[in-house]
Trainee: 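Take this structure, written in structure tokens, and hold onto it; I'll ask about it next.
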Amino acid sequence: MENMELTYLRSLAKQFPTIAKASTEIINLQAILNLPKGTEHFLTDIHGEAEQFNHVLKNGSGSVRKKIDEEFGNTLSIRDKKSLATLIYYPVEKLDIVLQEEENIEDWYKITLHRLVQMTKRVASKYTRSKVRKALPEDFAYIIEELITEKEEIEDKEAYYNEIIHTIIRIGSAQDFIISLCNLIQELVIDHLHIVGDIYDRGKGPHIIMDTLCKYHSIDIQWGNHDIVWMGAASGHLACIATVIRMAARYGNLDTIEEGYGINLIPLVTFALDTYKNVNCDAFAINYNNEYDTNDLKMDMKMHKAISILQFKLEGQIIERRPEFGMLDRLLLDKINYEKKTITIDGKEYPMNDVDFPTVDPEDPYSLTPEEELVMDRLRHAFVHSEKLQKHVRFLFAKGGLYKVHNSNLLYHGCVPVTEEGKFQEVNIYGKTYSGKALYDVLDNYARKGYYSRDKVEKLKGQDIIWYIWTGPNSPVFGKDKMSTFERYFIPDKSLHKETKNSYYRLLDNEEMLNRILSEFGLDTEKAHIVNGHVPVELKKGDSPIKCGGKLLIIDGGFSKAYQGKTGIAGYTLVANSHGVLLVSHEPFENKEAAIRKESDIFSDNIIVETASSRLRVADTDMGEEIRDSIRQLESLLEAYRDGSIVERGM
């Protein structure tokens with residue numbers, strides 16, 4: 001036995017000091033391999049829609065209702081099933097209503113507790129007792145374990161079982177116990193959650209979503225372009241800060257920044273009201289919803305214009321600083337003819353609807369005025385010292401990345417940049433070219449430096465890469481030749497508004513390209529899938545989320561209300577369980593109150609993408625491979641004990 005292997009086995013022996021303990025662990029691990037595979041839940045492009053997100057998360061894209069149907073079949077009416085499902089989703093709120101309306105609350109408690117215990121048994125049945133025990137709420141762990149492991153129909157235990165339920169009700173603990181069971185059911189229904197990007201922007205509640213995700217029991221996140229720009233803002237990068245404020249202003253969501261993250265925007269407000277006091281801001285209309293306070297409209301339009309000009313200036317500075325980004329064509333402020341109110345792009349002159357830019361010096365258009373520098377300095381301080389924002393962004397770094405390989409699925413938000421022929425696009429990153437997986441890896445590495453590095457030069461390089469990931473022409477999560485924000489604000493000619501997608505999107509049904517991508521990331525081209533977000537599937541136009549016979553699945557179906565008019569639905573989600581892969585399309589979510597009072601769920605259509613020929617087990621997953629590796633190591637330890645290479649301890 002080699003010294004290195006012996007050293008490792010001696011370390012392992014500290015955890016399993018005897019043959020009996022090592023043998024017991026091998027038996028346990030071998031048994032786990034034969035348990036059903038846990039259910040994975042995939043969501044993407046949430047875009048701040050907190051209420052709909054929380055509802056889909058709570059119902060597991062229909063997984064909870066499916067478990068209710070499996071457990072109770074025809075023994076419960078449809079009405080009772082809906083009521084039980086609503087209670088599991090929103091136990092606190094539903095209990096408040098029940099207490100007001102139910103005449104015999106003790107009977108209701110008894111019936112409900114029995115049903116919830118049955119449901120808990122059902123959803124816990126595919127896990128080891130150890131795993132379930134870890135998920136149990138601390139206050140009721142012992143009692144719940146007794147209820148879900150005992151069989152009430154056994155005569156000797158029937159009185160014991162019923163007395164537990166009776167005592168819970170008698171001592172006034174029924175409400176807390178019901179809430180604990182409902183939350184436990186939600187957790188056990190979904191084994192692991194994948195968020196395939198774009199938690200931020202458009203909707204008003206990304207901070208609420210992030211609070212929920214930070215507490216979720218098992219999760220990974222693939223960064224979307226709207227996430228990465230917030231990560232850049234949290235790092236203190238000025239262009240990213242200006243960008244996230246501009247988008248919040250545009251969609252009437254400045255409350256997300258001010259109230260959600262406690263970031264003081266008064267310096268920007270004061271600057272905008274003074275500098276843009278008599279300036280035309282018609283091009284900076286606010287795309288607001290019914291909850292927006294229209295008394296703020298004029299002020300917000302001035303802020304919107306002020307921060308947009310700051311964004312264009314700051315972006316210009318990056319483009320000049322990083323010519324290797326290949327974005328010199330995006331320098332537009334210096335192409336304006338203020339007398340003629342035109343701009344020259346690619347040798348052609350176009351009229352502009354607005355050239356009233358009081359802070360732009362035509363001779364030096366990308367420099368900030370002293371007042372603008374002061375505003376950005378204060379905003380930077382506010383962003384980097386927002387405790388909640390920093391907590392959320394650290395969570396995104398800890399649980400996330402630009403891609404994830406998990407259980408024969410490749411997850412990423414945007415695209416793998418390719419040429420017109422479907423070959424990997426070579427991209428210059430600080431003097432070296434990268435493509436395919438290597439491009440993802442180098443961008444991910446620089447993004448982390450942009451947030452964490454203490455070296456000022458490396459940090460700035462990383463921050464500029466974060467900005468490039470947000471908007472660069474060969475960024476995997478952006479996937480277009482340009483972001484035509486400037487043109488959409490100022491140039492009426494809509495031909496300049498077009499953003500050309502990377503060839504990847506034209507080749508989504510090209511099996512050769514998809515196989516090349518899967519192989520690049522080390523996956524089996526015969527059984528692996530790509531799960532993709534970013535570009536809404538326009539169902540109204542006959543588009544399909546299933547590409548190349550199910551090899552690629554695009555699950556952005558319009559979670560954000562801003563996209564639902566185009567998509568025709570309110571989002572896709574994906575569920576992968578021990579029986580196969582299910583694509584779920586959702587109808588628009590009315591609101592949380594309707595879901596509770598009317599017991600209205602999101603109506604969903606299910607599309608079976610793949611059915612397993614036999615039920616998938618833990619042995620068929622990545623975790624199964626890790627367990628098999630642990631078994632091999634433990635078997636080597638047993639051999640070492642038996643041939644005397646290592647001596648048992650504690651005998």
Side-chain angles (χ1 to χ4, degrees), residues 44-54 197-210 224-234 239-263 265 268-269 272 276 281-312 315 354 379 383 386 389 392 470-471 477-478 483-490 497 499 533-536 556-567 570-571 588-589 591:
T44 187
D45 295 272
I46 303 157
H47 285 301
E49 299 292 346
E51 279 201 347
Q52 177 166 333
F53 163 78
N54 279 324
D198 277 0
I199 297 161
Y200 283 87
D201 295 328
R202 302 290 196 277
K204 64 181 181 179
H207 56 294
I208 299 170
I209 294 166
M210 285 301 304
N225 53 321
H226 287 273
D227 306 319
I228 202 78
V229 72
W230 275 84
M231 293 158 73
C240 292
I241 289 171
T243 300
V244 301
I245 296 174
R246 178 189 65 78
M247 285 189 288
R250 181 180 180 184
Y251 288 94
N253 289 328
L254 288 169
D255 284 351
T256 298
I257 295 174
E258 294 181 290
E259 297 176 14
Y261 283 120
I263 292 170
L265 294 179
L268 177 61
V269 174
Y276 289 81
C281 296
D282 290 349
F284 293 85
I286 307 300
N287 191 358
Y288 59 84
N289 57 34
N290 294 333
E291 298 174 22
Y292 177 79
D293 185 352
T294 53
N295 291 325
D296 297 332
L297 190 58
K298 288 187 177 181
M299 178 184 72
D300 284 355
M301 289 174 69
K302 294 182 187 301
M303 289 175 64
H304 187 186
K305 185 167 187 176
I307 199 66
S308 297
I309 298 300
L310 275 162
Q311 177 188 325
F312 299 138
E315 289 180 336
D354 184 2
L379 288 172
F383 269 78
S386 166
L389 178 60
H392 287 171
W470 152 248
T471 190
V477 300
F478 179 50
M483 192 175 290
S484 59
T485 307
F486 183 97
E487 292 89 335
R488 291 171 186 270
Y489 279 125
F490 301 124
H497 299 183
E499 299 170 346
H534 188 51
V535 176
D556 178 7
F559 230 96
S560 170
K561 290 183 175 68
Y563 293 128
Q564 288 173 11
K566 183 162 68 170
T567 62
F589 181 60
N591 53 51

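Predicted model only: the values in this text are computed from it and were never measured.
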Trainee: Hey, could you give me the CG/CG distance between D201 and D45, rounded to the nearest 0.5 Å?
Mentor: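 Between D201 CG and D45 CG, I get 11.5 Å after rounding to 0.5 Å.
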
Trainee: For the pair H497 (side chain) and E487 (backbone), establish whether a donor and an acceptor sit closer than 3.5 Å, ignoring hydrogens and angles.
Mentor: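 Looks like yes, one N/O pair under 3.5 Å.
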
Trainee: A side-chain contact here means heavy atoms from C-beta on lying under 4.5 Å apart; do W230 and I199 qualify?
Mentor: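 A side-chain contact under 4.5 Å is absent here.
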
Trainee: To the nearest 0.5 Å, what is the distance between CZ on R488 and CE on M483?
Mentor: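 Rounded to the nearest 0.5 Å, the CZ-CE separation comes out at 10.0 Å.
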
Trainee: Grab the two heavy atoms, one from D227 and one from D198, that are nearest each other, plus how far apart they are.
Mentor: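 In this case the closest contact between D227 and D198 is OD2-N, 2.7 Å.
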
Trainee: Nearest 0.5 Å, please: how far is CD1 in I286 from SG in C281?
Mentor: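 If we round to the nearest 0.5 Å, C281:SG and I286:CD1 are 9.5 Å apart.
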
Trainee: With sequence neighbours excluded, what pairs up with E258 under the side chain to side chain contact (heavy atoms under 4.5 Å, CB included) test?
Mentor: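 Testing E258 for side chain to side chain contact (heavy atoms under 4.5 Å, CB included), a comparison that skips the adjacent residues, returns L254, D255, L265.
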
Trainee: side-chain hydrogen bond (donor to acceptor under 3.5 Å, both in side chains) with D354: which residues, sequence neighbours excluded?
Mentor: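 D354: side-chain hydrogen bond (donor to acceptor under 3.5 Å, both in side chains) contacts with K305.
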
Trainee: Answer with yes or no after comparing the ring centroid distance for H304 and Y276 against a 6.0 Å cut-off, counting only values under it.
Mentor: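 Not close enough - the centres of the two rings lie 6.0 Å or further apart.
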
Trainee: For residues Y489 and S308, determine if any side-chain heavy atom of one lies less than 4.5 Å from a side-chain heavy atom of the other.
Mentor: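 Yes, at least one pair of side-chain atoms sits under 4.5 Å.
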
Trainee: Taking side-chain hydrogen bond (donor to acceptor under 3.5 Å, both in side chains) as the definition, give me every residue that meets it alongside H392, ordered by chain and number, with sequence neighbours left out.
Mentor: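 H392 satisfies side-chain hydrogen bond (donor to acceptor under 3.5 Å, both in side chains) with D211, Y261 once adjacent residues are dropped.
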
Trainee: If you look at every heavy atom in G203 and E49, which pair is closest and at what distance?
Mentor: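 Shortest heavy-atom contact: CA-OE2, 4.0 Å.
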
Trainee: Any idea which heavy atoms bring G205 and A50 closest together, and the distance?
Mentor: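 Minimum heavy-atom separation between G205 and A50: O-CB, 3.7 Å.
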
Trainee: Looking at every non-hydrogen atom in both residues, tell me the closest pair between L268 and A306 and how far apart they are.
Mentor: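 Looking at all heavy atoms of both residues, the shortest contact is CD1-CB, 4.4 Å.
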
Trainee: Which heavy atom in I263 sits nearest to a heavy atom in S386, and how many Å separate them?
Mentor: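 Taking I263 first and S386 second, the nearest heavy atoms are CG1-CB, 3.9 Å.
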
Trainee: With sequence neighbours left out, what residues match Q311 under side chain to side chain contact (heavy atoms under 4.5 Å, CB included)?
Mentor: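 Checked Q311 against side chain to side chain contact (heavy atoms under 4.5 Å, CB included); matches are A242, T243, R246, E315.
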
Trainee: Atom CD1 in I307, atom CD1 in I245: separation rounded to 0.5 Å?
Mentor: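 The CD1 atom of I245 is 4.5 Å from CD1 of I307, to the nearest 0.5 Å.
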
Trainee: Are any non-hydrogen side-chain atoms of M231 and Y200 less than 4.5 angstrom apart?
Mentor: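 They are not in contact (no side-chain heavy atoms under 4.5 Å apart), so the answer is no.
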
Trainee: Could I get the full list of side chain to side chain contact (heavy atoms under 4.5 Å, CB included) partners for A234, not counting sequence neighbours?
Mentor: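 Expected list: L389, Q390, V393, Y451.
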
Trainee: Rounded to the nearest 0.5 Å, what's the gap from CZ on R202 to NE2 on H226? Could you check?
Mentor: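 If I round to the nearest 0.5 Å, the distance is 4.5 Å.
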
Trainee: Please name all residues satisfying salt bridge (charged side-chain N to carboxylate O under 4.0 Å, His left out) with K302, sequence neighbours left out, ordered by chain then number.
Mentor: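 If we apply the salt bridge (charged side-chain N to carboxylate O under 4.0 Å, His left out) test to K302, skipping adjacent residues, there are no hits.
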
Trainee: CD1 of I46 to CZ of F53: how many Å apart, nearest 0.5 Å?
Mentor: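 The CD1 atom of I46 sits 4.5 Å away from the CZ atom of F53.
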
